[in-house]
Amino acid sequence: MNRLKRLLSKYWTRWAAGLALTVFAALYPLGFWSSHVIERQDTMWSDLRMRLEEPRLDPRVVIVDIDSKSLTEVGRFPWSRNVLARLVGQLTRHYHVGAVGFDVSFPEPDNSSGYSVLEKLAERDLKDVPVLRTKLGELKNALDYDGLFAKALEGQPVILGYNLSTGQAKGVLPKPIFTEEALNGREVWAYNTDGYEANIERLQNAAMGAGSFTVEPDADGVVRNYSLVQKIRDGYYSSLALATVAAYLKVEEGGITPVLPEAAHTLTKGQRESGALDGLLMFTADGAREIPVGVGLTTIVQFSGPGGRAGGRFRYVSAADVLSGKADPGVLKNAIVLVGTTAPGLVDLRATPVNKEYPGVEIHANVIKAILDGRFKSYPADGASYEFVQILAVGALLALVLAVLTPLYQLLLAALVFAGSIGFNYYMYSQHDAVLNVVACLLLVALLFVMNLVWGYFAEHRKGRALVSRFGEYVAPELVAQMAENPEAYNMDGESRELTVMFVDVRGFTTISEGLTPKQLREYINLYLTAMSEDIRASHQGTLDKYIGDAVMAFWGAPVAFPDHASRAVATSLLMQASAKRLNEDFLKRGWPELKIGIGLNSGLMHVGDMGSAIRRAYTVMGDAVNLGSRLEGITKVYGVGICVGEATRHAAPEYVYRELDLVRVKGKNEPVAIFEPVGKAGEVGQAELDEIAAWDAALALVRAQRWDEAESRIRALALAHPQRALYQLYLSRIAHYRANPPGDGWDGVTTFETK
């Protein structure tokens, strides 16, 4: 009893704090509070957990690939429908596949045979040639490509694809699998649209059915969920995966029905609106299959492996081999075939948890596999209870035990519980298909460990907190943690250091502003600045200096000194251009203006410290090297490049491959400086681009030697091979100018800029 009293006297405040933290954390899965950070981390863990699964080949699903070989042997895509008729005939009548799903739609008639042109000639200009009309009558069936395709579809288990959109309704939809009437008044949320781009009527009527191949990504652009059923007006329609499986299992019309919760008709309107279906029933000759559905009539896609031919999940067969009869019959017989494409220029690639460039057709294949297996990853109905109990048990254990342990044993126990929580979560996922969240529990473990570890070091903790308040908004959290270990070593006093500075600016921001509403502009700039800031701080631990309207300023090498500050800055600039490209894809989908950025980098001696006035101060950099970095950002527009670095940065980061742009004399500086465009890391740049850079270097040397004819010939060849490179057109214009206005024998090859 006395020992218990002593423990209570010594640890009661720590126990109380730990238990209070545990209760607070346990309320998270019950919905009493929320956190976007935890949700995002749970999503990241979910993605990682999916990547841990080993891909296993499923012979039941085969991808017939319209690949480069197919384009070479058959011709450019889209193919005439007489070719598609042959493809369907080969698959169904020669190879005897179980079902075919087209990840392609056919919203327009095929007039490529030229029959309609010949028919008009026979009616007008050549109406006096009776043999022409006779011959056309004989050729009509052979030249009716849509008719040939429709005939190949008749009576075969072929499902056509179509796309959902907004605004327009094009083509003919299949019959819905059920309508609002079948829900008995229950309002079910689903992907809902009144627009679509479906197939022409004669093809739709000939095919067994059709399914939507529209796949909507999450807010971060990653596909994780798949709409099994979508709502178009008052009807509910199958996805491509669901419709193809129904054809394979010979499900008759009306054989897919919604599973309504018990007594759904007695629910109030509010209850109906917040509810969902229990699932779908698919009636086959072997009995009924139940397909569970989540919110929005979706299912979690069970990815594994990187996808594609080398992904190991599904077999790929070239469409050319199917058409020529060279494909292995053993691979295709009785299989479900999805017709898609991986050919360059036609590739349907999606960002997924396992691969940022995952073949879109395989998304449907993964869902088909799940339906056939009857195994679906899902969040259990009692998932919140699982998480609540786990958090309470883990938190109570650690809150009571960590307080009495030494730091070493605190670390060991926390690590053991942390690993055990992850192991239990993965066990539930892999063995019971239960998608449970775990980050709140892991975060609690970490917080309890940290709380107990620092309890005895309150004074040091206060110093660390002071440092965080001073530098937290500038540098990455991991740098702040490093600085907090020795706060006396860091301050904001002014000093001179070798640093690398970055300036980033949005191209044509005034035009962008005019094309957006204030709300849209705010979201546009917030998404852009967030992405750029995360790349600067998180990827290579840069110091975020300031935002100047749509521009961003950052630097590397202070307050924490990095000997490789230039390399970190170059790597970050390449990453930011990739992030801008991804953002631009999202912006264009929203109908927003195109996003392009220019980045200027320069290295050199700079003054860094807490600078400003008595009213407002900031931790920033100043000096000639900083000014040059700003000028280089503006110069990117002249040379049509996304990144421009100074000669000092190039020398300080030699592990990257660069393309020399020019020798320039910027406003405010007398000495010329060589400027370069970083292309990529040495060893990662392809040989073709290295050859292009070598050819350009030779051409640039000819320009500086004033050998205009030879230089023009070489640059024109480069421009023809790489029309997207604005640099070559710039130099062709300069050569024309120099011919008309020779620079003279004393020309040093320097371009002078008179404006900032």
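Because the structure is a prediction, the values reported are computed rather than measured. If you read the sequence from its start, that first residue is 1, and numbering goes on from there.
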Main-chain N/O of [Y] paired with [X] side-chain donor or acceptor, under 3.5 Å:
| X | Y | result |
| --- | --- | --- |
| Asn526 | Arg522 | yes |
| Gln577 | Gly642 | yes |
| Ser46 | Asp42 | no |
| Tyr226 | Ala241 | yes |
| Arg350 | Val215 | yes |
| Thr341 | Ile66 | yes |
| Asp146 | Asp110 | yes |
| Gln520 | Thr517 | yes |
| Ser80 | Val83 | no |
| Gln156 | Arg93 | no |

Non-hydrogen side-chain atoms of [X] and [Y] separated by less than 4.5 Å:
| X | Y | value |
| --- | --- | --- |
| Ile597 | Asp505 | no |
| Trp79 | Leu71 | yes |
| Leu84 | Val339 | no |
| Thr92 | Val158 | yes |
| Val223 | Ile363 | yes |

Taking all heavy atoms of [X] and all of [Y], pick out the closest pair and write down the distance.
| X | Y | result |
| --- | --- | --- |
| Ile159 | Gly211 | CG2-N, 3.7 Å |
| Gly221 | Ala351 | O-CB, 3.5 Å |
| Gly383 | Leu436 | CA-CD2, 3.8 Å |
| Ser238 | Ile256 | OG-CD1, 4.4 Å |
| Gly279 | Val293 | CA-CG2, 3.8 Å |
| Val317 | Ala327 | CG1-CB, 3.7 Å |

Evaluation steps, side chain to side chain contact (heavy atoms under 4.5 Å, CB included), between Val506 and Leu595: CA-CA 7 Å; Val506 175; Leu595 171 67; 4.0 Å; yes
Pairing donors with acceptors under 3.5 angstrom, does anything connect the side chains of [X] and [Y]?
| X | Y | result |
| --- | --- | --- |
| Ser318 | Ser70 | yes |
| Tyr196 | Gln230 | no |
| Asn163 | Ser105 | no |
| Tyr528 | Glu523 | no |
| Ser304 | Arg56 | no |
| Thr43 | Arg40 | no |
| Asn192 | Tyr236 | no |

Qualifying residue, where the test is salt bridge (Lys or Arg N to Asp or Glu O under 4.0 Å) with Asp373 and the options are Lys369, Arg375, Lys377: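 In the set Lys369, Arg375, Lys377, the residue that makes a salt bridge (Lys or Arg N to Asp or Glu O under 4.0 Å) with Asp373 is Lys369.
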Look at [X] together with [Y] and state whether they make a salt bridge at an N to O cut-off of under 4.0 Å.
| X | Y | result |
| --- | --- | --- |
| Asp47 | Arg51 | no |
| Arg313 | Glu362 | no |
| Asp58 | Arg60 | yes |

Test ring-ring contact (aromatic ring centres under 6.0 Å, His included) applied to Phe106 and Phe149, step by step: CA-CA 11 Å; Phe106 309 99; Phe149 192 24; 5.2 Å; yes
Residue pairs, two or more places apart or on separate chains, that pass salt bridge (Lys or Arg N to Asp or Glu O under 4.0 Å) and touch residues 231-245: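 Listed once each, the pairs are Glu180-Lys231.
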Drop me the distance from [X]'s [atom1] to [Y]'s [atom2], to the nearest 0.5 angstrom.
| X | Y | atom1 | atom2 | value |
| --- | --- | --- | --- | --- |
| Met532 | Leu527 | CE | CG | 10.5 Å |
| Thr298 | Asn225 | OG1 | CG | 5.0 Å |
| Phe376 | Glu290 | CZ | CD | 9.5 Å |
| Thr299 | Leu280 | OG1 | CG | 10.0 Å |
| Asn366 | Ile368 | CG | CD1 | 9.5 Å |
| Arg507 | Glu594 | CZ | CD | 12.5 Å |

Test salt bridge (charged side-chain N to carboxylate O under 4.0 Å, His left out) applied to Arg582 and Asp220, step by step: CA-CA 10 Å; Arg582 288 194 300 272; Asp220 59 358; over 6 Å; no
Derivation and outcome, ring-ring contact (aromatic ring centres under 6.0 Å, His included), residues Phe303 and Tyr358: CA-CA 10 Å; Phe303 296 103; Tyr358 191 88; 5.0 Å; yes
Does a sphere of radius 6.0 Å around [atom1] in [X] hold more than 12 heavy atoms from other residues, nucleotides or ligands, not counting ones at 6.0 Å or beyond?
| X | atom1 | result |
| --- | --- | --- |
| Arg590 | CZ | yes |
| Gln168 | CD | yes |
| Glu253 | CD | no |
| Lys170 | NZ | yes |
| Glu357 | CD | no |

Side chain to side chain contact (heavy atoms under 4.5 Å, CB included) evaluation trace for Val229 with Tyr237: CA-CA 5 Å; Val229 177; Tyr237 294 82; 5.9 Å; no
Working for side chain to side chain contact (heavy atoms under 4.5 Å, CB included), residues Tyr95 and Val331: CA-CA 9 Å; Tyr95 288 106; Val331 171; over 6 Å; no
Aromatic plane relationship, Phe587 with Trp592 - under 30° parallel, 30 to 60° tilted, over 60° perpendicular: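 Geometry flag for Phe587 against Trp592: tilted rings.
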Side chain to side chain contact (heavy atoms under 4.5 Å, CB included) between Val62 and Val97, worked out: CA-CA 10 Å; Val62 177; Val97 301; over 6 Å; no
Aromatic Tyr429 / basic Arg49 pairing, under 6.0 angstrom, 45° off normal: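 Yes, Arg49 sits over the ring of Tyr429.
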